[in-house]
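Just follow the structure's listing: the first ligand is 1, and inside any ligand the first atom is 1.
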Amino acid sequence: MIAMLETPPLRGELRLAEPMGRHTSWRAGGPAGRLYRPADAADLAAFLAGLPEEEPLLWVGLGSNLLVRDGGFRGTVVLTQGRLTAMQCLGSVRLRAEAGAACAKVARFAAHQGLCGVEFLAGIPGTLGGALAMNAGAFGGETWQRVEAVETLDRGGRVHLRLPGDFRIGYREVRGTPDEWFLSATLALEPGDTQAAQARIRSLLERRAQTQPTSQASCGSVFRNPTGDHAARLIEAAGLKGSCIGGACVSSKHANFIVNTGTASAADIERLIERVRETVERVSGIRLCPEVHIVGEVD
Ligand SMILES: Cc1cc2nc3c(=O)[nH]c(=O)nc-3n(C[C@H](O)[C@H](O)[C@H](O)COP(=O)(O)OP(=O)(O)OC[C@H]3O[C@@H](n4cnc5c(N)ncnc54)[C@H](O)[C@@H]3O)c2cc1C
């Protein structure tokens with residue numbers, strides 16, 4: 001069901017009981033009680049300010065690192081996908097982008113402007129907001145290596161300027177002030193050559209296509225790499241490549257990917273995640289830690 005909000009100041013789109021399988025790259029998961037797609041940052045601030053204080057909130061970008069259980073999310077999802085997408089250069093080596101901008105677009109925009117340092121973002125199929133929340137990275141680059149400052153939005157719709165020192169930033173993990181979400185980031189880049197940056201983007205995308213099941217529904221790497229090892233190696237060594245539960249299978253191309261072959265429920269995926277964890281622990285003694293965020297209620 002789709003409804004336009006009637007309160008005059010709000011210009012976004014509100015959906016009720018919206019299936020989250022439509023907004024996650026695993027293409028599985030139950031409904032969000034309410035989903036709001038803001039018109040812009042001011043509209044989102046007004047929307048948040050009008051919510052009850054205790055309303056559970058989940059921000060979603062492209063849903064490429066998210067498993068919403070089949071019972072859905074009882075609360076409000078803020079969907080930035082396709083919204084908050086502005087990007088601009090600030091001076092000669094800085095770039096400001098809003099949280100809903102796709103990582104690939106940020107990488108291409110920077111390259112086009114002759115700015116280097118975020119080519120690795122080209123293959124990450126999420127938004128900049130999701131990359132900030134996850135400290136997404138690839139091929140040696142990490143999002144927060146390039147962050148000079150971020151703007152966050154709190155529950156009351158107030159904007160805050162935060163610096164990297166305000167966060168605990170780790171491998172695929174970022175902790176900051178609770179109940180604040182990313183609205184935009186200013187990235188500090190290096191002057192470079194557009195053609196060289198574009199060539200680097202092409203080569204990183206080719207390497208990805210060779211090693212990852214990019215045409216199947218997945219959430220990328222399911223588990224973080226343990227120190228000094230690779231989750232994919234441990235999963236393969238435990239004989240789990242190709243192992244399936246329902247429509248969810250451990251990819252035969254990249255063992256740290258779980259793919260939805262078309263009919264997987266979120267429960268199939270979560271059960272397979274558990275099977276992989278338990279089997280790897282039994283075989284190698286290492287307990288893998290999921291990188292993907294799992295939210296919502298069991299059906
Ligand atoms: C094929 C494939 C390849 C991938 N390769 C990589 C890779 O190489 N490297 C890598 O790091 N990841 C990779 N990923 C995982 C994923 O793309 C990244 O984690 C990405 O940064 C998630 O962005 P998103 O917008 O999709 O976030 P979502 O999945 O929508 O959300 C992820 C988390 O971030 C939170 N969040 C989202 N937006 C905001 C916001 N504005 N403010 C605060 N919190 C927010 C959500 O609440 C959630 O907890 C891959 C995924 C796929 C499907």
Side-chain angles (χ1 to χ4, degrees), residues 20 22-27 29 32 35 38 41 44 48 56-68 73 75-85 97-107 118-145 150-155 160 162 167 170-185 204-205 207-209 211-225 232 251 253-254 256-260 269 290-296:
M20 288 305 292
R22 290 184 189 160
H23 305 288
T24 54
S25 59
W26 251 324
R27 302 273 166 258
L35 179 144
L44 179 53
L48 290 178
L57 266 183
L58 173 69
W59 282 47
V60 175
L62 277 149
S64 64
N65 212 23
L66 194 63
L67 182 64
V68 181
F73 179 74
T76 297
V77 165
V78 168
L79 186 70
T80 61
Q81 186 186 124
R83 300 288 194 269
L84 310 174
T85 56
E98 288 187 315
C103 289
K105 289 198 172 159
V106 175
V118 284
E119 296 90 309
F120 72 90
L121 284 179
I124 296 177
T127 60
L128 182 63
L132 290 166
M134 299 301 306
N135 193 19
F139 303 114
E142 276 190 346
T143 305
W144 279 84
Q145 289 167 347
V150 291
E151 279 180 319
T152 62
L153 195 59
D154 70 19
R155 271 184 174 273
H160 304 264
R162 303 272 180 220
F167 298 87
Y171 164 56
R172 305 290 176 269
E173 192 177 36
V174 175
R175 301 234 173 111
T177 312
D179 281 357
E180 281 184 25
W181 294 270
F182 298 110
L183 201 51
S184 73
L204 294 181
L205 291 178
R207 271 165 73 184
R208 224 169 240 282
T211 54
Q212 297 180 359
T214 45
S215 60
Q216 283 179 294
S218 82
C219 252
S221 292
V222 173
F223 297 99
R224 296 168 204 213
N225 287 323
S251 164
K253 194 166 183 185
H254 190 309
N256 199 13
F257 278 48
I258 288 178
V259 295
N260 178 354
I269 296 168
E291 176 184 318
V292 295
H293 289 186
I294 302 176
V295 299

Please verify whether a non-hydrogen atom of Thr214 lies at under 4.0 Å from ligand 1.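 Thr214 does not count as a contact of ligand 1 under the 4.0 Å cut-off.
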Whether Glu180 lies under 4.0 Å from ligand 1, heavy atom: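 The answer is no: ligand 1 sits nowhere under 4.0 Å from a heavy atom of Glu180.
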Value rounded to 0.5 Å, distance of [atom1] in [X] from [atom2] in [Y]:
X: Arg224; Y: Arg172; atom1: CZ; atom2: CZ; value: 9.5 Å
X: Thr80; Y: Leu62; atom1: OG1; atom2: CG; value: 7.0 Å
X: Lys253; Y: Ser218; atom1: NZ; atom2: OG; value: 11.5 Å
X: Phe139; Y: Leu204; atom1: CZ; atom2: CG; value: 5.0 Å
X: Ile124; Y: Cys103; atom1: CD1; atom2: SG; value: 5.5 Å

Which residue and non-hydrogen atom of the protein lie closest to [atom], and at what distance in Å?
atom: atom 30 (O) of ligand 1; answer: Gly61 N, 2.7 Å
atom: atom 10 (C) of ligand 1; answer: Gly137 O, 3.4 Å
atom: atom 45 (C) of ligand 1; answer: Ala133 CB, 3.7 Å
atom: atom 27 (O) of ligand 1; answer: Gly130 CA, 3.6 Å
atom: atom 40 (C) of ligand 1; answer: Trp59 CE3, 3.7 Å

Less than 3.5 Å between some nitrogen or oxygen of [X] and one of ligand 1, yes or no?
X: Gly63; result: yes
X: Ile124; result: no
X: Thr127; result: yes
X: Leu58; result: no
X: His293; result: yes
X: Asn65; result: yes
X: Gln212; result: no
X: Arg208; result: yes
X: Trp181; result: no
X: Ala99; result: no

Check: [Y] and [X] side chains under 4.5 Å, non-hydrogen atoms:
X: Leu57; Y: Leu48; result: yes
X: Phe182; Y: Leu128; result: no
X: Val78; Y: Leu44; result: yes

By number and element, which atoms of ligand 1 are closer than 4.0 Å to a non-hydrogen atom of [X]?
X: Ala138; answer: 8 (O)
X: Ser218; answer: 1 (C), 53 (C)
X: Leu66; answer: 29 (O)
X: Gly220; answer: 2 (C), 3 (C), 4 (C), 50 (C), 51 (C), 52 (C), 53 (C)
X: Gly126; answer: 23 (O), 24 (P), 25 (O), 26 (O)
X: Val60; answer: 30 (O)
X: Leu62; answer: 24 (P), 25 (O), 26 (O), 30 (O)

With the threshold set at 4.0 Å, does a side-chain nitrogen-carboxylate oxygen contact exist between Glu180 and Arg162?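 Answer for the salt bridge query: yes.
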Of the side chain and backbone of [X], name the one, both, or neither that has a heavy atom under 4.0 Å from an atom of ligand 1.
X: Gln81; answer: neither
X: Cys103; answer: neither
X: Ser64; answer: both

Is it the case that Asn65 and His293 place a side-chain donor and acceptor less than 3.5 Å from each other?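 On atom types as modelled, these side chains do not qualify, holding no pair under 3.5 Å.
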State whether a side-chain donor-acceptor pair under 3.5 Å links Ser184 with Glu98.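 The answer is no; no qualifying pair exists.
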Measure up the Phe167 and Trp144 rings against each other and bin them: parallel (under 30°), tilted (30 to 60°), perpendicular (over 60°).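 Aromatic pair Phe167/Trp144 classed tilted.
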Among [options], whose heavy atom sits nearest [atom]?
atom: atom 14 (N) of ligand 1; options: Ala136, Gly100, Pro125, Ala185; value: Pro125
atom: atom 12 (N) of ligand 1; options: Met134, His23, Glu291, His254; value: Glu291
atom: atom 41 (N) of ligand 1; options: Tyr171, Phe139, Phe182, Trp26; value: Phe182

Can you confirm whether something in the protein, heavy atoms only, sits under 4.0 Å from atom 47 (O) of ligand 1?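 Yes, because at least one protein heavy atom sits under 4.0 Å from atom 47 (O) of ligand 1.
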Check Trp26 against Cys219 and note the closest heavy-atom contact, atom names and distance.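 Of all heavy-atom pairs spanning Trp26 and Cys219, the closest is CE3-SG, 3.4 Å.
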Closest approach of Gly126 to Ser64 (non-hydrogen atoms, all atoms of both residues):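 Closest heavy-atom pair between Gly126 and Ser64: CA-OG, 3.7 Å.
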Taking it one step at a time, do Val292 and Phe223 satisfy side-chain contact (heavy atoms from CB on, under 4.5 Å)? CA-CA 7 Å; Val292 295; Phe223 297 99; over 6 Å; no
Test item: [X] side-chain N/O and [Y] main-chain N/O as donor-acceptor pair under 3.5 Å:
X: Asn135; Y: Val174; result: no
X: Arg83; Y: Pro38; result: yes
X: Arg155; Y: Asp179; result: no

